[in-house]
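Remarks on the structure that follows.
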Number of protein chains: 2
Amino acid sequence: MSPTPARTSRDAIVAAARSLLEEEGLDAVTMANVAARVGVRPPSLYKHVRDRGALIAAVADEAARDLGLLMDEAVGAVSGEGADARLLRAAVAFRVHAGRSPRSVALVFAGLGGNLQPSVEMAAVAARPLLEVSAELAGPDRALVAARALTAFAYGFCSMEQGRAFRFGGDVDDAFRAGIEALIRGLAA
Amino acid sequence: MSPTPARTSRDAIVAAARSLLEEEGLDAVTMANVAARVGVRPPSLYKHVRDRGALIAAVADEAARDLGLLMDEAVGAVSGEGADARLLRAAVAFRVHAGRSPRSVALVFAGLGGNLQPSVEMAAVAARPLLEVSAELAGPDRALVAARALTAFAYGFCSMEQGRAFRFGGDVDDAFRAGIEALIRGLAA
DNA sequence: ACCTGAACACCGTTCAAGT
DNA sequence: ACCTGAACACCGTTCAAGT
């Protein structure tokens, strides 16, 4: 019975912003581009999201949720596998994900130049799987410290790799593997 | 004898862009803001820099040079100090620097959303001190791998810290120290 | 040789007016 | 209740015109 039914939705808007981010970068996530993708004029977006910042924060939240699901799966126990082997698998999965969706990963961890972040709740969901295996590796009282170190390394490495910061030759796959193994070894000791 | 002497210079322009970046963020580095700081109209800037991208790349180069000088100093041998202790000092110095100049650091390592980077030459200068101590720690043939791991951890950690990504409590200083020590231990083994 | 105002094609955002 | 065109204050960049 509404005078005019909604011609788009918040979900469609966030999805359009998300694909724009991944395909063309944060600069391409303009209200004009998003509006065009959902078939509406830019001012109409403000009926569904507060402003561009809130839209990008919503994208960050979705990206964090997906990352959490991915980690949950990657970390799943395989018969007879120790915490070290499971963390190595999780790190490799994270790197593959970062290679496929570099801008989403940057958005989740560093806000991509803006000050937007996922909500604490979503961050907690995304972090849980890693925290559990970290507790196995380093003990419950050092789980947070270990998870932070592993995340810092993996995110830092992939962020630099995607930003083409490794420009002195050498085997990048090797550096990632050696680094994560050294860190896991050091944290378990 | 020039018809009109230059009222500004490339150096002054880059310096203005740099302070704008650190004080207000990359979005504030507009041609209008930079021009106002050097006392000129925006179109005049194009006589000194190709475009905004080239200006930001020049800022990245200066930031990389400064970081290299800082690392060179931090890594300097103290009597009887091993490679592990020197790397720990370098990492702590890097973190202090990242706390003071977070946006410059982000620009050097990840391009800050744009695709700008320091030149390879400047990156090589900035990386040399770390590579030398890494060779001491892990042996010459593993120096690059070790330096990459240490950089990835330190940059990732500080980037997350500055982006307020550590939101589950705990001692962040402790996490940094434990992480870098674990990594150094693992790389030396 | 450098600087300038005017212009162009864009932004994000607001708001009164339509349906 | 949602969508729209028009408007406002901004961008980066180009260019002919000034000195």
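In this text, all values refer to a predicted model and were calculated from it rather than measured experimentally.
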Open item on the list: Please check if the number of heavy atoms outside Arg177(A) that lie under 6.0 Å from its CZ is greater than 12.
Closed with: no
If you look only at distance, which donor and acceptor atoms sit under 3.5 Å apart when one is on a side chain in residues 153-160 of chain A and the other is two or more places apart or in another chain?
none

Open item on the list: So which atom in Asp61(A) and which in Met122(A) form the shortest heavy-atom distance, rounded to 0.1 Å?
Closed with: O-CG, 3.4 Å
- [ ] Quickly work out the His48(A) NE2 to dA1(D) P distance and round it to whole Å.
- [x] 13 Å
Task: Minimum heavy-atom distance Ser44(B)-Val40(B), with the two atoms named - done: CB-CG1, 3.7 Å
- [ ] Write down the distance between CG (Asp27(A)) and P (dC10(C)), rounded to a whole number of angstrom.
- [x] 15 Å
Open item on the list: Are there over 12 heavy-atom neighbours, none belonging to Arg50(B), within less than 6.0 Å of that residue's CZ?
Closed with: no
Open item on the list: Test salt bridge (charged side-chain N to carboxylate O under 4.0 Å, His left out) on Arg89(A) and Asp84(A); report intermediate values, then the result.
Closed with: CA-CA 9 Å; Arg89(A) 274 201 293 118; Asp84(A) 51 353; over 6 Å; no
TODO: Could you tell me which residues satisfy salt bridge (charged side-chain N to carboxylate O under 4.0 Å, His left out) with Arg37(B), sequence neighbours excluded, listed by chain and number?
DONE: Glu23(B), Glu24(B)
Open item on the list: Does Arg41(A), at its CZ atom, have more than 12 non-hydrogen atoms belonging to other residues, nucleotides or ligands within less than 6.0 Å?
Closed with: no
Below 3.5 Å is the cut-off: list the nitrogen or oxygen pairs between protein and nucleotides 17-19 of chain D, distance only.
none

Can you list, pair by pair, the side-chain donor-acceptor contacts under 3.5 Å of residues 133-145 of chain B, counting residues two or more places apart and other chains?
from, atom 1, to, atom 2, distance (Å)
Ser134(B), OG, Leu130(B), O, 2.8
Glu136(B), OE1, Arg86(B), NH1, 3.3
Glu136(B), OE2, Arg86(B), NH1, 2.7
Arg142(B), NH1, Asp174(A), OD2, 3.0

Open item on the list: How about CD on Glu73(B), more than 12 heavy atoms from neighbouring residues, nucleotides or ligands closer than 6.0 Å, or not?
Closed with: no
- [ ] Ignoring the backbone of Arg41(A), work out which of dG12(D), dT4(D), dC3(C) is nearest its side chain.
- [x] dT4(D)
TODO: Please tell me which of the listed nucleotides, dC11(C), dC2(D), dC3(C), lies nearest to the side chain of Arg7(B)?
DONE: dC3(C)
Could you run down the sub-3.5 Å N/O contacts of the protein with nucleotides 13-16 of chain D?
from, atom 1, to, atom 2, distance (Å)
dT13(D), OP2, Tyr46(B), OH, 2.8
dT13(D), OP2, Arg52(B), N, 3.0
dT13(D), O5', Tyr46(B), OH, 3.2

TODO: Using a strict cut-off of less than 4.0 Å between a Lys/Arg side-chain nitrogen and an Asp/Glu carboxylate oxygen, indicate whether Arg18(B) and Asp66(B) qualify as a salt bridge.
DONE: yes
TODO: Give the stems involving DNA chain C, where a stem is 3 or more consecutive Watson-Crick or G-U wobble pairs (i with j, i+1 with j-1, and so on) under 3.5 Å.
DONE: C:4-8 with D:12-16, C:12-16 with D:4-8
TODO: Pick base, sugar-phosphate or nothing for Ser44(A), based on heavy-atom distances below 4.0 Å to the nucleic acid.
DONE: base
